[in-house]
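Structure, as structure tokens:
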Amino acid sequence: DWIEDQDEEQLGVLFRSAQQLEVGMEVEVIDGSGCVNADGDIGIITEVHSRDNTYRVTVQGRLNAGNWMNASQIARINY
């Protein structure tokens, strides 16, 4: 079976990229590389850039610049 042949990390990336992410959703940063947000931060999606499928994740106490993230870097919570 195809799913059984995939490792856990690959499946996580596939799941996160397939999830529906929208403005107002609470998300957890799972990969803060290249961003002012850090792994484990909890933030809110405040903008969506549909052309390149990136999301502005605003985290209280962090700069509101340099916080655009790919779907593979965040996971929605409380939905």
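Nothing fancy with the numbering, it's 1 onward along the sequence. Values reported hereafter were calculated over all heavy atoms of this structure, with side chains retained and with hydrogens, waters and symmetry mates removed.
Pairing each heavy atom of V48 with each of W68, the nearest pair is C-CZ3, 4.3 Å. Between G66 and C35, the closest heavy-atom pair is O-SG, 3.3 Å. Counting all heavy atoms, side chain and backbone alike, L21 lies closest to I74 at CD1-CD1, 3.9 Å. Across all their heavy atoms, V36 and R62 have their closest contact at O-CD, 3.3 Å.
L63 contributes atom CG, which lies 9.5 Å from atom CG of N37 (distance to the nearest 0.5 angstrom). Residue Y55 holds its OH atom at 9.5 Å from CE of M25, rounded to the nearest 0.5 Å.
Judged purely by atom type and a 3.5 angstrom limit, Q73 has no side-chain atom pairing as donor or acceptor with the backbone of G32. Under the 3.5 Å distance criterion, the side-chain polar atoms of R76 are left unmatched by any main-chain donor or acceptor of E26.
Within the 4.5 Å cutoff, the side chain of V27 has no heavy atoms near those of the I42 side chain. In this structure, the side chains of I30 and D39 stay at 4.5 Å or more apart for every pair of heavy atoms.
In this model, a donor atom of one side chain and an acceptor atom of the other lie less than 3.5 Å apart for N67 and R56. Side-chain atoms of S72 and N70 form no donor-acceptor pair, as typed in the model, at a separation below 3.5 Å.
Annotation: side chain to side chain contact (heavy atoms under 4.5 Å, CB included) contacts of S50 (sequence neighbours excluded): none.
M69 and V23 fall within the same hydrophobic cluster, defined by Ile, Leu, Val, Met, Phe, Trp and Tyr side-chain heavy atoms under 4.5 Å apart, directly or through other members.
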